[in-house]
Participant: 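My questions all concern the structure below.
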Amino acid sequence: MSHILLRHREIPDLHKFSVYKKNGGFSAFKKAVTKMAPSQVTDEVKNSGLRGRGGAGFPTGMKWSFIDKNIWPHYVVANADESEPGTFKDREIMESNPFQFLEGLAIASYAVGANVAYVYLRGEFWQIAEAMDKQIAEMEEAGLLGDKLFGTDYSLRIYTHLGAGAYICGEETALLESLEGKRGQPRNRPPFPAVAGLFGKPTVINNVETFTNVPMIIENGADWYKGIGTPDAAGVKIYSLSGRVRKPGNYELPFGSTFRQLIYEYGGGVQDSRPVKAIMPAGASSSIIVANDKVLDTPIDYAAVKTMGADLGSASVIVLDDTVDLKWVISKTLKFFKHESCGKCTPCREGTFWMNNISKRMQQGDSLKNEDVDLLLNVAKQMQGKCLCALGEFSTMAVVTGIERFPQEFNRA
Amino acid sequence: MSLQQKYSKEIKQILSKYPPEYKRSAVMPILHLVQKDEGHISKESMQEIAALLDITETEVASVVGFYTLYQEKKAGKYRMQICTDLPCALRGADDFFKQVCDHLNVKDGETTEDGLVTVEHVMCLAGCDRAPMFQEQGPDGIKYHEYMTIERVDEWLQSLKQLEAGEKR
């Protein structure tokens with residue numbers, strides 16, 4: 001099957017305006033603005049079954065329909081903060097197929113009546129942002145952004161905004177805080193961004209990959225998209241495959257593919273032909289799945305990964321082979337979360353700090369102390385369900401599932 | 001020269017992105033301008049930015065302190081920020097980091113004797129499939145260097161040194 005999102009793999013130079021336009025580019029945006037009412041666009045996306053690709057998997061069309069129509073103006077924000085260890089898919093989209101993403105963002109803006117949209121990129125994506133400013137300028141010159149588009153009353157402007165190195169800004173309310181020029185610390189919810197988001201106004205926030213699906217859905221219709229994937233999850237997903245595989249990289253597969261296909265068919269198998277010991281399907285935030293034939297051969301969608309005791313998240317699949325020590329894995333994820341905790345809520349700020357300390361001790365010590373393992377598990381479980389946003393919860397996932405599912409590595413077997 | 005004089009065109013362009021009553025949003029892009037040109041954010045710059053955006057100096061400092069790409073202290077002209085997070089480490093990033101430190105005779109966070117490069121380890125940079133990798137933060141903004149080996153690091157260092165020699169001439 002040819003790609004829907006990573007179309008640049010078949011079409012050379014798709015990142016160039018003229019090439020994208022020649023290959024059907026912007027016809028979906030034109031169709032939406034000139035032939036469809038905003039609510040029809042939202043309904044089409046709703047009916048397509050598209051779910052958010054940033055990690056939560058929330059139905060996209062439904063998210064758009066929640067926007068408060070009594071308060072104006074509306075904003076749309078693209079979450080291009082891609083910072084989850086193991087995730088590098090949005091980067092490829094923006095580097096190689098940026099106009100499809102921008103077109104999707106434009107269509108979403110029309111659907112919710114926003115005249116201004118922002119792309120919030122992690123600060124490290126400096127060069128991508130520079131290129132995107134030029135791409136936006138090209139769209140303005142071609143009359144695809146600006147005032148009275150396609151002879152209608154609809155106007156739209158898109159602006160880029162660079163973050164500056166903070167994982168937490170991938171959390172949507174922290175992102176909004178950051179976009180307002182503050183420290184990126186999550187907000188209390190409610191109110192949800194659909195009611196009070198950017199600058200206190202109703203706001204829709206979606207991931208880059210989510211938007212990139214939209215032009216094809218408008219072009220080919222909801223039924224076409226729904227026909228791909230599984231009943232639980234329509235369409236295609238980009239898997240960022242990393243860790244101990246021969247060919248790490250992004251692979252766009254329909255939902256319903258298996259980890260075996262991903263790792264062996266696409267990823268070329270495990271380095272040194274070792275067996276897969278464990279899979280982290282959602283990056284450093286992931287629960288650790290014990291790899292066995294059943295796990296490897298189960299068709300993947302959101303529901304299926306749940307039955308494995310994990311979440312699919314943004315599908316950043318980190319592969320661990322039998323040479324990898326789980327204590328070391330946990331020390332790596334904890335170091336990350338301790339560094340990235342925003343410090344706003346106590347369980348996360350203190351919990352990640354102390355878990356990291358205990359884990360460091362476990363790594364350095366000559367012999368693993370049982371009371372350290374108990375203490376680590378104890379701190380992790382005290383944090384669960386008590387943090388303001390998902391970061392604190394995420395920091396406990398590898399810890400708890402690592403110890404519980406690989407007890408022999410923690411002297412607990 | 002004041003920031004407003006030095007960057008009048010850029011600042012005007014940045015402010016045009018946000019509603020006039022929310023000009024505080026411009027704080028991060030303006031800090032990026034200063035960071036890129038001066039290699040760090042001085043107290044004086046923070047004061048000026050605060051005045052420019054009608055916020056307190058403390059609010060600007062809280063933003064500078066929160067985000068890792070704003071540096072309060074001067075360091076080498078180029079910062080070599082090596083990712084040693086889990087996916088990169090599974091592909092040899094910890095060893096690569098040690099090799100680089102040994103090769104340049106520095107420890108984590110230290111600067112080479114000639115003042116050119118500061119080596120530090122950083123969190124995930126979304127380059128997991130091209131590890132080992134690092135980002136260069138310096139006068140040209142931020143650039144990625146991927147599929148790294150010590151030989152390729154040397155090539156990069158040579159190019160920086162040539163650039164330096166050219167600038168001094």
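Owing to the predicted nature of the structure, the values given are computational and were not obtained by experimental measurement. All chains are named by letter (A, B, ...) in the order of the sequence lines, taking the proteins before the strands, and each is independently numbered beginning at 1.
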Participant: Decide yes or no on side chain to side chain contact (heavy atoms under 4.5 Å, CB included) for Phe125(A) and Tyr144(B), but give the supporting numbers first.
Facilitator: CA-CA 9 Å; Phe125(A) 288 169; Tyr144(B) 277 23; 3.8 Å; yes
Participant: In sequence, state the C-alpha distance, the side-chain angles, and the governing distance for Met123(B) and Glu340(A), and then conclude on side chain to side chain contact (heavy atoms under 4.5 Å, CB included).
Facilitator: CA-CA 9 Å; Met123(B) 300 300 153; Glu340(A) 299 298 345; 3.4 Å; yes
Participant: Count the heavy atoms belonging to other residues, nucleotides or ligands that lie under 6.0 Å from NZ of Lys134(A), then report whether that count exceeds 12.
Facilitator: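 Count not over threshold, so no.
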Participant: Take atom CD in Gln47(B); do more than 12 heavy atoms of anything else shown fall under 6.0 Å from it?
Facilitator: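 Yes, CD of Gln47(B) has more than 12 neighbouring heavy atoms, counting only those of other groups under 6.0 Å.
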Participant: Counting only heavy atoms closer than 4.5 Å, note whether Cys169(A) contacts chain B via side chain, backbone, both or neither.
Facilitator: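 When you check distances to chain B, only side chain atoms of Cys169(A) fall under 4.5 Å.
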Participant: Do Gln185(A) and Phe66(B) come within less than 4.5 Å of each other through their side chains, counting heavy atoms only?
Facilitator: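 Yes, their side chains come closer than 4.5 Å.
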Participant: Quick check for you: among Leu125(B), Ile14(B), Val63(B), which has the greatest number of heavy-atom pairs under 4.5 Å with chain A?
Facilitator: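 Among Leu125(B), Ile14(B), Val63(B), the one with the most close pairs to chain A is Leu125(B).
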Participant: With a 4.5 angstrom heavy-atom cut-off, which part of Val329(A) approaches chain B: side chain, backbone, both or neither?
Facilitator: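 The answer is both parts of Val329(A).
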Participant: Give the member of Gly123(A), Gly283(A), Pro248(A) that has the highest number of heavy-atom pairs under 4.5 Å with chain B.
Facilitator: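 Looking at each option in turn, the highest pair count goes to Pro248(A).
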Participant: Heavy atoms only, distances under 4.5 angstrom: which of Ala89(B), Cys88(B), Pro29(B) has the most pairs with chain A? Name it, please.
Facilitator: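 Result: the option with the highest number of such pairs is Ala89(B).
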Participant: Is it the backbone or the side chain of Glu130(A) that comes under 4.5 Å from a heavy atom of chain B, or both, or neither?
Facilitator: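 Neither part.
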Participant: Roughly how far, to the nearest 0.5 Å, is the OG atom of Ser62(B) from the CZ atom of Arg183(A)?
Facilitator: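 The CZ atom of Arg183(A) sits 4.5 Å away from the OG atom of Ser62(B).
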Participant: Could you state the interatomic distance from CG (Leu86(B)) to CD1 (Ile330(A)), rounded to the nearest 0.5 Å?
Facilitator: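 One gets 11.0 Å once the value is rounded to the nearest 0.5 Å.
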Participant: Would you mind telling me which of Gln35(B), Glu59(B), Arg130(B) has the largest number of heavy-atom pairs within less than 4.5 Å of chain A?
Facilitator: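 Looking at each option in turn, the highest pair count goes to Arg130(B).
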Participant: Sort Arg122(A) into side chain, backbone, both or neither according to what part of it lies under 4.5 angstrom from a heavy atom of chain B.
Facilitator: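 Just its side chain gets close to chain B.
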Participant: Measure distances from Lys23(B) to the heavy atoms of chain A and classify the residue's part below 4.5 Å as side chain, backbone, both or neither.
Facilitator: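 The answer is neither part of Lys23(B).
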Participant: Between Tyr159(A), Trp328(A), Phe199(A), Phe336(A), which residue shows the highest count of heavy-atom pairs closer than 4.5 Å to chain B?
Facilitator: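 That would be Phe199(A).
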Participant: Please determine, among Arg157(A), Gln271(A), Lys247(A), Glu84(A), the option with the most heavy-atom pairs under 4.5 Å with chain B.
Facilitator: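 Most heavy-atom pairs within the cutoff with chain B belong to Gln271(A).
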Participant: By a 4.5 Å heavy-atom criterion (distance strictly below it), what part of Tyr118(A) contacts chain B: side chain, backbone, both, or neither?
Facilitator: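 Tyr118(A) touches chain B through side-chain heavy atoms alone.
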Participant: With a 4.5 Å heavy-atom cut-off, do Lys332(A) and Asp94(B) have their side chains touching?
Facilitator: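 Counting from C-beta outward, Lys332(A) and Asp94(B) do come under 4.5 Å.
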Participant: Tell me, side chain or backbone of Tyr75(A) under 4.5 Å from chain B's heavy atoms, or both, or neither?
Facilitator: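 Side chain only.
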Participant: Any salt bridge linking Arg91(A) with Glu146(B)? Criterion: basic side-chain nitrogen under 4.0 Å from a carboxylate oxygen.
Facilitator: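 Here Arg91(A) pairs with Glu146(B) in a salt bridge, since their nearest N and O are under 4.0 Å apart.
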Participant: What part of Ile318(A) lies closer than 4.5 angstrom to a heavy atom of chain B: side chain, backbone, both or neither?
Facilitator: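 Interface part for Ile318(A): side chain.
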Participant: Go through Gln137(B), Glu21(B), His32(B) and name the one with the most non-hydrogen pairs under 4.5 angstrom from chain A.
Facilitator: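 Top count of heavy-atom pairs under 4.5 Å with chain A: His32(B).
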Participant: Determine whether Met28(B) and Glu180(A) make a side-chain contact, defined as any pair of heavy atoms from C-beta on separated by less than 4.5 Å.
Facilitator: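 Not in contact.
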Participant: Please classify the contact between Thr333(A) and chain B as side chain, backbone, both or neither, with a heavy-atom cut-off of under 4.5 Å.
Facilitator: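 For Thr333(A), side-chain heavy atoms alone lie under 4.5 Å from chain B.
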Participant: When rounded to the nearest 0.5 angstrom, what distance separates CG in Asp133(A) from NZ in Lys17(B)?
Facilitator: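 Asp133(A) CG to Lys17(B) NZ: 5.0 Å, rounded to 0.5 Å.
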Participant: Between Asp129(B) and Lys89(A), does any side-chain N to carboxylate O distance fall below 4.0 Å?
Facilitator: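 Here Asp129(B) does not pair with Lys89(A) in a salt bridge, since their nearest N and O are not under 4.0 Å apart.
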Participant: Minimum heavy-atom separation for Trp126(A) to Asp140(B), with atom names?
Facilitator: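 Shortest heavy-atom contact: NE1-O, 4.2 Å.
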Participant: Is it true that atom NZ of Lys338(A) has more than 12 heavy atoms of other residues, nucleotides or ligands lying nearer than 6.0 Å?
Facilitator: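 Atom NZ in Lys338(A) is not packed in, count stays at 12 or less.
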Participant: Quick check: does any side chain N or O of Arg244(A) sit under 3.5 Å from a backbone N or O of Leu90(B), one acting as donor and the other as acceptor?
Facilitator: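 Answer holds: yes.
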Participant: Could you check which of Ser316(A), Gly343(A), Gly184(A), Ser242(A) has the highest count of heavy-atom pairs closer than 4.5 Å to chain B?
Facilitator: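 Option with the top pair count is Gly184(A).
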Participant: Flag the one option from Val27(B), Asp85(B), Val122(B), Leu31(B) with the top tally of heavy-atom pairs under 4.5 Å to chain A.
Facilitator: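 Going by pairs under 4.5 Å, I would pick Asp85(B).
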Participant: Does the side chain of Ser178(A) pick up a donor-acceptor pair with the side chain of Tyr67(B) at under 3.5 Å?
Facilitator: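 Yes, Tyr67(B) and Ser178(A) have a side-chain donor paired with an acceptor closer than 3.5 Å.
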Participant: If I measure from the heavy atoms of chain A, does Ser16(B) come under 4.5 Å with its side chain, its backbone, both, or neither?
Facilitator: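 Backbone only.
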Participant: Quick one: OH on Tyr22(B) to CG on Leu198(A), what's the gap to the nearest 0.5 Å?
Facilitator: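 Separation between the atoms: 8.5 Å.
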Participant: Taking Gly243(A), Ala166(A), Ser331(A) one by one, which has the highest count of heavy-atom pairs under 4.5 Å against chain B?
Facilitator: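 The residue among Gly243(A), Ala166(A), Ser331(A) with the greatest pair count is Gly243(A).
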Participant: Go through Glu82(A), Glu124(A), His161(A), Gln127(A) and name the one with the most non-hydrogen pairs under 4.5 angstrom from chain B.
Facilitator: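 Of the options given, most contacts go to Glu124(A).
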